[in-house]
Amino acid sequence: MATTATRSKPSTRSTAKSRRGSGAVRGSGGGSFAGESPELLQDYFHEMTLIRRFEERAAQGYTQAKIGGYCHLNLGEEATVVGLMRALRKTDLLFTNYREHGYAIAKGIEPGRVMAELYGRTTGTSKGWGGSMHMFDVESGLLGGYGIVGGQIPLATGAALAIDYRSGDQVVMCQMGDGTTNIGAFHESLNIAALWNLPVVFVVINNQLGMGTTVDKSSAEPELFKRASAYKMPGERVDGNDVLAVRDAATRLVEQARNGGGPALLECVSERLKGHSVVDPAKYRSEESVERAKQADPIANFRAQLIEAGVLDEDTAAEIERKAQAEADAAVAFADDSPHPDPSTLFDYTYATPVANDSRRLPADPVF
Amino acid sequence: MATTATRSKPSTRSTAKSRRGSGAVRGSGGGSFAGESPELLQDYFHEMTLIRRFEERAAQGYTQAKIGGYCHLNLGEEATVVGLMRALRKTDLLFTNYREHGYAIAKGIEPGRVMAELYGRTTGTSKGWGGSMHMFDVESGLLGGYGIVGGQIPLATGAALAIDYRSGDQVVMCQMGDGTTNIGAFHESLNIAALWNLPVVFVVINNQLGMGTTVDKSSAEPELFKRASAYKMPGERVDGNDVLAVRDAATRLVEQARNGGGPALLECVSERLKGHSVVDPAKYRSEESVERAKQADPIANFRAQLIEAGVLDEDTAAEIERKAQAEADAAVAFADDSPHPDPSTLFDYTYATPVANDSRRLPADPVF
Amino acid sequence: MAVITYRQALHDTLREEMLRDEDVFLIGEEIGVFEGSYKITAGLLKEFGEKRVRDTPIAEEGFVGAAVGAAMLGLRPVVELMTINFSLIALDQIVNHAAKIYGMFGGQTSVPMVMRTPGGGGQQLGATHSQNIELYYAFVPGLKVVAPSTPADAKALLLASIRDNDPVLFLENLALYNTKGEVPDVVEPAEIGKAKVTREGTDITIIGYSRMALVAHQVAEKLHAEEGINAEVVDLRSLRPLDRQTIVDSVRKTGCAVVAEDDWLTYGIGAEIAASISDGAFDYLDAPVRRVAAAEVPLPYAKPLERAALPSAESLTTAIHQTLDAVGRRR
Amino acid sequence: MAVITYRQALHDTLREEMLRDEDVFLIGEEIGVFEGSYKITAGLLKEFGEKRVRDTPIAEEGFVGAAVGAAMLGLRPVVELMTINFSLIALDQIVNHAAKIYGMFGGQTSVPMVMRTPGGGGQQLGATHSQNIELYYAFVPGLKVVAPSTPADAKALLLASIRDNDPVLFLENLALYNTKGEVPDVVEPAEIGKAKVTREGTDITIIGYSRMALVAHQVAEKLHAEEGINAEVVDLRSLRPLDRQTIVDSVRKTGCAVVAEDDWLTYGIGAEIAASISDGAFDYLDAPVRRVAAAEVPLPYAKPLERAALPSAESLTTAIHQTLDAVGRRR
Ligand SMILES: Cc1ncc(C[n+]2csc(CCOP(=O)(O)OP(=O)(O)O)c2C)c(N)n1
Ligand SMILES: Cc1ncc(C[n+]2csc(CCOP(=O)(O)OP(=O)(O)O)c2C)c(N)n1
Ligand SMILES: [Mg+2]
Ligand SMILES: [Mg+2]
């Protein structure tokens, strides 16, 4: 492996700058959308908006007690989500944390199936067994949302090991939050991935908050991408509010991994628009930080930029927004119409290989 | 905390050089022992030799089945052990791994009590409850040898937290092996220590081997001191075969920690003269690596250098060696003469606060 | 005497102990700025400052181990592990270090620390966030494990745990935090290792701990009111040590027993209770000890499945009825 | 039919399965260059190369989790955890991931992996290196746990475990590696979840697993030869699922039982065995089920203390004698 290469992004892409909002010149190839296909840009805008609308409906479903458990939303992280997913092929594999509704959609799962999972229905991505934190779909390559902080990192590393073992050409992307870089599994896995030169890109969504803990209160090195150097791994930071910047950086690192260049760490700096989960009013948050997050809203800014660049006009934008809303609504309708799992299926998924003397006892059943 | 400061040692102290053995000019202040007290140098030589003789007797005791369990020796690491311990005050606290006989002695425990622990006797450092891997002595500030790889690192961090909590002026030293830098506890603890600016110095004894696994097969960044930068912590590498270099580096970092400068990581590059533990013939080791270790023998080299520098003559050296041998022999005699713990004491140390309904059942006893 | 919630009892006790003893401090994830995932520590950061209320990185092994190390030097850390599920990451530090350090070094240093953590399912949190794995701690010599079911016991046992010189796993339960009960104005520390008969009766013994001790008590009251069944209820309160004598004394009186537990049946806490009853009341038992426990599956998210899998007042009532039928004591 | 050691049986089976199936690979600490801490994998690195025999950093959580991830993609990793004590560090990956992934995602991906690991005390390894914590796995739905006591069973169960599509904890024991036994030339995979009556008898049932199943068998033979006692011995072989029927059938015949286990008594594996016997053979039992288990202390290093704390042929014999006395069947 080459020597450490921790590159920080050029300042046009720096967080500080584009965080100020639409006034800043954003830098996809020099301030415009030069070289980008307008359809694709509209498509990004649509997908980001769809995720926004979807999450709003999820929050609503939670309030209506249609959704239970914990429910963590991607509000504010839509540019990161879409940018990252556009760097992956359909056959590439994704492991995420519990904040994964948007990823599930952007990786190609029908929004209805994602909502149905939140509703705990048999049509859901995990047949109602997983809920918000545990979406899964083999066909789309989403190998799971995971609720244990850091739990997905060794798994993703192992999936990359399997690809390498079989000389496959897939790449694994492993998403995680900023707070997650402090847990042991992060360290053990990045070391293993680098040591064995595995095709996996680790992505840290640095929304600058754990639940209420700021990144500088939890990470002694708050410039998280620099941690890659402890494993001689390339590390980069990108503006997570800039969908193209995210896409480009991720594409580069994913293709590097695909071509035998080994693992990398990509940090996407973004903002969490709301609380840690639906039930968190985020009272601990400073007004300034809330305001900053609002200003950084990647969808509002992208919309304004696309209009300014003539890629979108108000009508098309509104049309796309209506479409996204309709899709989110349709997802809810699909979920609501889907069947609940039957209690008789309770013992269907304890083991993949049937086994003698497996317990199938309900709480009121005697042992003999 | 200041920005990353990973300093590698000047080349006169580099491993490569002094590893070649006594021919190299060693660099304590410029090739001589300028400024060093001859008594102190003799004292170091004596202590290193004592540890060597002690470990040889331990190996013998193991072969005679006087010692059981696992038994890991400090053979080859004597310069590191003595250099590190001379940087600590008596009141400073030490946490080590299971390879700690030499540290126990150099931190001030009577060799007889160390050997008695190996022999499992009541006069041992842990009253026979701990054995080779688990020495402990409050008075000398040895807060334990630990057999679980990495287990001592969170503990040492917590001890430093307690010192900080009480505004004490002690420093904690936390010793570990090179292989141990790959475990999660290392990462979690160094982050916490740096985040909270705790008075702890982490010391990695890089003998370049786990059990049979070389450091480059286990650490993606084999220059282990560089890992400190992931926590914005100072990291240094020192020649572990050079007792003065080790002492000086350790003293600097220990005093820095004492004065509020926060934690640091010190890597001491050394060689393991024998197998991982007494029973390991180390067949996996290349001839070249065995030869290199022999050439690097810190005691033989130090002896030659002291003689060359006129600090020692052959007679004094031989006298010191006889004394060390006699002390090691006396330790064995003390251990051999000490009583075995009585089975009636089996339930003495389950709880510090006595508690109702505690089980004191032997295997053949009925529950009622 | 005031009626307060289980949450309030915990909060008040932490606060009082911090006021009483400078060596007591709190450490855990999101206990300060966020005021605790379940708000037990609300307000304490503001009152005591960062030194006494320490927010940690997400690093269960690191911060639990740090608490162990601090306790070795005589501090009295009270760790909050956000839920017992996450404690698995810290298990090596708890089982191989906290529990062993006193014995392994021949009694030279004790580890006076408390690890507070809630277990429990029923909140649709799915397979990894709904477990009842107190067994992992109750099994380990060197640890003490308490599991109060009422606000008063929560207070008395938390006092005892903080003042104890050994590592104590203090089991809470998500479903108990909002339950209410009377708490005396002055509470003495409870004696760890002792069960309590919370309802006297003669027909059957129901044994539970944590949430299921409360459910057991409610079921017993209901059976009495509606069917005249007079059940004795034993709240274990301490899982290690286990107060076998109190259990056995009760069963010697009633002749039959049902264990109510939130964990999985096979190898669960109830197995030891049942085995101990057989050990100590063999000649008094008129029927096998029934165990009401969770179905042995990774707990599903969907409500109908989750409900089917978890023990409840209903399943406990069924088991009690069937046991009374078996011994011919159903009225 | 050849007489080989338990170690050899494991080694041969690993080798044969690697030859049979390209997807089987070994992963663990010091299994390659060092040839395994207990030399089970000796020679395999040389034969199969680094891809199939993968030495890992000391990072149990990382490499066990990596094996889980590889298994999700259809490989069949066989993990060596150097001793079960170190598995605590990987427990979150085993309990919250390997065991949950099949169910939590609604059966979409299975985790075909084996975790081989030895438990056991008696080697003066001290409190942290001598534990028998198979309970931590046996308790968990989604895992399968096997614990063979003979070379033949080691082979048959390892074959079954490697070919099974679920995560299997394969329990070995330091004291078994050098024991010898007959192994047929052709071995079929055993059926996981089934116990085996390894000695038929009518006077008493002795139940054990792993090392204590062997000790139980030896004790039974000795009691027969020296005292004419005719004990039936049940080797559990599988701890999850647990074959209650075989145990209960035996006790229905003999009327009394002793459980022999290497772990701690309270909440140990034997508690479930005793409780299950009470559940299934209540009317046949003439005395409480005796459990012979380790003293509940952090195991001391010194030989006299260690010896006092651990179960043995002697303590098992005492318990058998006392149980036979209690039922009036001592000859
Ligand atoms: C091992 C573990 N510890 C604690 C938690 C509780 N928890 C859930 S999310 C979270 C914060 C994670 O923060 P970050 O990694 O920044 O991700 P974000 O939620 O901001 O996306 C915590 C502490 C958990 N799920 N798992
Ligand atoms: C958690 C854990 N995993 C594995 C082991 C087994 N083990 C004991 S020592 C050792 C190698 C440690 O190497 P290093 O850290 O370099 O220390 P050294 O022995 O060279 O001093 C291993 C793998 C253990 N004791 N604990
Ligand atoms: Mg975050
Ligand atoms: Mg080493």
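Letters A, B, ... mirror the listed sequences (proteins, then strands); counts begin at 1.
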Where does [X] contact chain D at under 4.5 Å (heavy atoms): side chain, backbone, both or neither?
{"X": "A/S359", "value": "neither"}
{"X": "A/F186", "value": "neither"}
{"X": "A/T122", "value": "neither"}

Under 4.5 Å heavy-atom distance to chain A, tell me which part of [X] shows up: side chain, backbone, both or neither.
{"X": "D/R244", "answer": "both"}
{"X": "D/E50", "answer": "neither"}
{"X": "D/L143", "answer": "backbone"}
{"X": "D/L242", "answer": "backbone"}
{"X": "D/Q93", "answer": "side chain"}
{"X": "D/T56", "answer": "both"}
{"X": "D/D92", "answer": "side chain"}
{"X": "D/E61", "answer": "both"}
{"X": "D/V64", "answer": "neither"}

Hey, what do you get for [atom1] ([X]) to [atom2] ([Y]), rounding to the nearest 0.5 Å?
{"X": "A/M135", "Y": "D/F105", "atom1": "CE", "atom2": "CZ", "answer": "10.5 Å"}
{"X": "D/M72", "Y": "A/L93", "atom1": "CE", "atom2": "CG", "answer": "9.0 Å"}
{"X": "D/M104", "Y": "A/Y349", "atom1": "CE", "atom2": "OH", "answer": "14.5 Å"}
{"X": "A/L161", "Y": "D/F63", "atom1": "CG", "atom2": "CZ", "answer": "12.5 Å"}
{"X": "A/R166", "Y": "D/E22", "atom1": "CZ", "atom2": "CD", "answer": "10.5 Å"}
{"X": "A/N357", "Y": "D/R240", "atom1": "CG", "atom2": "CZ", "answer": "11.5 Å"}

For the student: nearest non-hydrogen atoms of [X] and [Y], plus distance:
{"X": "D/D55", "Y": "A/W196", "result": "O-CZ2, 3.5 Å"}
{"X": "D/I192", "Y": "A/V355", "result": "O-CG2, 3.4 Å"}
{"X": "A/Y165", "Y": "D/D23", "result": "OH-C, 4.1 Å"}
{"X": "D/D166", "Y": "A/A352", "result": "OD1-N, 2.8 Å"}

Less than 4.5 Å apart, any side-chain heavy atom of A/E188 and any of D/P57?
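Side-chain contact under 4.5 Å: no.
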A side-chain contact here means heavy atoms from C-beta on lying under 4.5 Å apart; do D/I101 and A/L155 qualify?
yes
Kindly check if the number of other-residue, nucleotide or ligand heavy atoms within 6.0 Å of NZ (D/K253) is above 12?
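Yes - once you tally the heavy atoms of other residues, nucleotides and ligands closer than 6.0 Å, there are more than 12.
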Counting heavy atoms not belonging to D/E47, are there more than 12 under 6.0 Å from its CD?
yes
Give the member of [options] that has the highest number of heavy-atom pairs under 4.5 Å with chain A.
{"options": "D/G106, D/A66, D/G65, D/A98", "value": "D/G106"}
{"options": "D/E191, D/K144, D/R163", "value": "D/K144"}
{"options": "D/A67, D/G74, D/G69, D/A71", "value": "D/G69"}

Name each donor-acceptor pair under 3.5 Å that joins a side chain in residues 277-286 of chain D to protein atoms two or more places apart or in another chain, with its distance.
residue : atom : partner : partner atom : Å
D/D279  : OD2  : C/R291  : NH2          : 3.0
D/D286  : OD2  : D/R329  : NH2          : 3.0

Among the options A/S189, A/G184, A/A185, pick out the one with the most heavy-atom pairs lying under 4.5 Å from chain D.
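Greatest number of close heavy-atom pairs with chain D: A/A185.
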In terms of heavy-atom pairs under 4.5 Å with chain D, which of A/P366, A/A159, A/G147, A/G130 leads?
A/A159
